[in-house]
Each structure stands twice: as structure tokens, then as C-alpha cells.
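Some notes on the structure that comes next.
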Amino acid sequence: MSLDRQRSTSSVAVSAYRDQHFKGSRSEQERLLLDSCTLYVGNLSFYTTEEQIYELFSRCGDVKRVVMGLDKVNKTPCGFCFVEYYTREEAEDAMRYANGTRLDDRIVRTDWDAGFKEGRQYGRGKSGGQVRDEYRQDYDEGRGGYGKIVQGKIRPRDSL
């Protein structure tokens with residue numbers, strides 16, 4: 001089955017998003033995504049624990065490990081994690097059944113990941129967390145309140 005056909009017909013298809021920091025060719029990234037047992041899980045509350053992630057995702061299969069996303073400065077959770085399964089089938093079940101569920105009053109989003117590598121657990125934003133939390137203008141209690149720019153903790157990109 002071609003990649004385009006799999007993308008359009010599978011309920012666990014590979015999304016159009018690609019990690020721009022991936023170390024390797026685009027075709028290697030595509031191959032890894034199609035064979036991966038690792039999920040990126042986003043839109044988590046900063047207060048969600050590894051145990052809660054494990055509890056939710058172990059309903060879909062045997063979880064090999066959970067790697068919490070951390071603020072690279074404060075080493076506190078920053079709203080994402082990686083969940084690795086032993087088999088692709090278990091990971092597919094998680095994509096089908098855990099994606100879109102509510103955890104800590106937030107809708108969990110899952111996507112395929114090419115495989116966790118050390119260092120990827122840290123946020124890529126200027127302030128140490130996720131980039132999207134720097135630019136958020138609305139108040140989100142589960143993600144630390146207002147965005148870092150609104151809080152005055154970092155300057156907007158155009159004024160640097």
C-alpha cells in the first residue's frame with residue numbers, strides 16, 4: 001500500500017506534521033513513522049503526572065515507557081510526553097482510542113513519533129517550555145495561565 005493511500009484510508013494514519021528537528025532524511029523519517037511504536041502526546045495539563053499517562057495509555061496495550069516533556073530550564077512538566085509501546089498494533093489502538101479523550105480536563109492529542117531520542121523531552125521555546133505556550137494570549141490554568149509573552153517573561157519575536 002502506498003504512503004498516500006495509507007494516509008487517506010487508515011484511522012491511524014500518519015499526519016502531515018513532521019518534526020523539523022529530525023536528524024535524517026525525509027524518507028527515513030517517513031519510514032520510521034510508518035513502523036513506529038512511539039506516540040507524541042500533546043495538550044496535556046502541566047499538572048498531569050506520568051502515572052496518569054500510564055494509566056490511560058496502558059488501557060490500549062503494554063506501555064514500554066512514558067517520557068514526560070519537561071521545561072528545559074525548570075525541569076517541570078510542560079504539556080507533552082512520549083508514550084512507547086512494545087508493538088505497532090498497541091500503538092495503533094492508542095491512536096484510535098486514546099486520541100481525543102479527556103485527561104485532567106483537557107482533550108489529549110496523539111500523533112506518531114519517529115522514536116524518542118534523549119534530549120527531545122525538553123521544550124523548544126525560548127523560555128524553556130513549548131513554543132505555543134509562549135504565544136498563547138488566552139488564560140489556560142492547566143498550562144500555567146497566560147502565555148509567557150503576555151506575562152512579560154519573554155519578549156515577542158519582533159521586538160528582539
Side-chain angles (χ1 to χ4, degrees), residues 12 14-26 28-33 35-86 90-91 94-95 97-160:
V12 292
V14 174
S15 74
Y17 174 79
R18 296 295 175 268
D19 180 1
Q20 299 304 309
H21 295 273
F22 178 78
K23 307 286 190 238
S25 68
R26 180 66 69 161
E28 180 184 1
Q29 187 178 34
E30 295 292 331
R31 183 187 56 76
L32 289 171
L33 288 169
D35 294 334
S36 181
C37 298
T38 304
L39 305 180
Y40 170 88
V41 181
N43 199 40
L44 299 175
S45 167
F46 290 0
Y47 307 103
T48 300
T49 66
E50 187 173 332
E51 290 77 18
Q52 288 172 286
I53 298 293
Y54 187 85
E55 172 68 26
L56 173 63
F57 284 87
S58 66
R59 294 176 184 178
C60 300
D62 290 330
V63 173
K64 187 174 184 178
R65 71 177 170 163
V66 173
V67 180
M68 295 299 288
L70 301 174
D71 181 298
K72 65 184 164 199
V73 175
N74 302 318
K75 307 297 188 265
T76 55
C78 67
F80 71 97
C81 73
F82 298 93
V83 176
E84 187 176 347
Y85 287 93
Y86 288 96
E90 292 168 324
M95 284 288 289
Y97 305 120
N99 186 39
T101 61
R102 190 173 292 275
L103 181 62
D104 269 352
D105 210 26
R106 302 189 66 80
I107 303 299
V108 172
R109 295 187 190 119
T110 61
D111 202 355
W112 291 108
D113 187 80
F116 176 77
K117 300 260 191 281
E118 188 59 37
R120 292 194 56 223
Q121 72 268 37
Y122 298 113
R124 296 176 177 167
K126 290 181 189 217
S127 63
Q130 289 190 282
V131 174
R132 66 175 257 198
D133 289 314
E134 293 178 346
Y135 294 94
R136 190 181 61 252
Q137 303 216 359
D138 59 319
Y139 184 81
D140 188 337
E141 184 177 353
R143 293 186 72 92
Y146 289 103
K148 302 289 186 197
I149 291 172
V150 173
Q151 292 178 32
K153 294 185 178 181
I154 63 169
R155 295 182 314 181
R157 201 174 289 221
D158 2 275
S159 67
L160 294 176

Report task. Can you spot which of Tyr54, Phe116, Phe82 makes a side-chain contact (heavy atoms from CB on, under 4.5 Å) with Arg65? Result -> Phe116
**Report entry** Derivation and outcome, side chain to side chain contact (heavy atoms under 4.5 Å, CB included), residues Val108 and Val41
**Finding:** CA-CA 7 Å; Val108 172; Val41 181; 3.4 Å; yes
Report task. Quick one: pull up OG in Ser36 and OH in Tyr85 and give me the separation to the nearest 0.5 Å. Result -> 12.0 Å
Query raised in the report: Taking atom CG of Leu33 and atom CD of Glu30, what is their separation to the nearest 0.5 Å?
Result: 6.0 Å
How far apart are the closest heavy atoms of [X] and [Y], and which atoms are they?
| X | Y | result |
| --- | --- | --- |
| Val66 | Glu50 | O-OE2, 3.6 Å |
| Tyr97 | Cys60 | CB-SG, 4.2 Å |
| Asp62 | Glu90 | N-OE2, 3.0 Å |
| Leu39 | Asp113 | C-CB, 4.2 Å |
| Trp112 | Ala91 | CZ3-CB, 3.6 Å |

Query - Backbone of Asn43 reached by a side-chain donor or acceptor of Arg109 within 3.5 Å - result: no
Report task. May I ask you to decide if Lys64's main-chain N or O and Glu84's side chain share a donor-acceptor pair within less than 3.5 Å? Result -> no
Report task. Please identify each residue that fulfils side-chain contact (heavy atoms from CB on, under 4.5 Å) with Gln52, with sequence neighbours left out. Result -> Thr48, Thr49, Leu103, Asp104
Query - Worked check of side chain to side chain contact (heavy atoms under 4.5 Å, CB included) between Leu44 and Cys81 - result: CA-CA 8 Å; Leu44 299 175; Cys81 73; 3.9 Å; yes
Query raised in the report: By side-chain hydrogen bond (donor to acceptor under 3.5 Å, both in side chains), which residues pair with Arg102, not counting sequence neighbours?
Result: Asp105
Query - Evaluation steps, side chain to side chain contact (heavy atoms under 4.5 Å, CB included), between Leu70 and Thr76 - result: CA-CA 5 Å; Leu70 301 174; Thr76 55; 6.0 Å; no
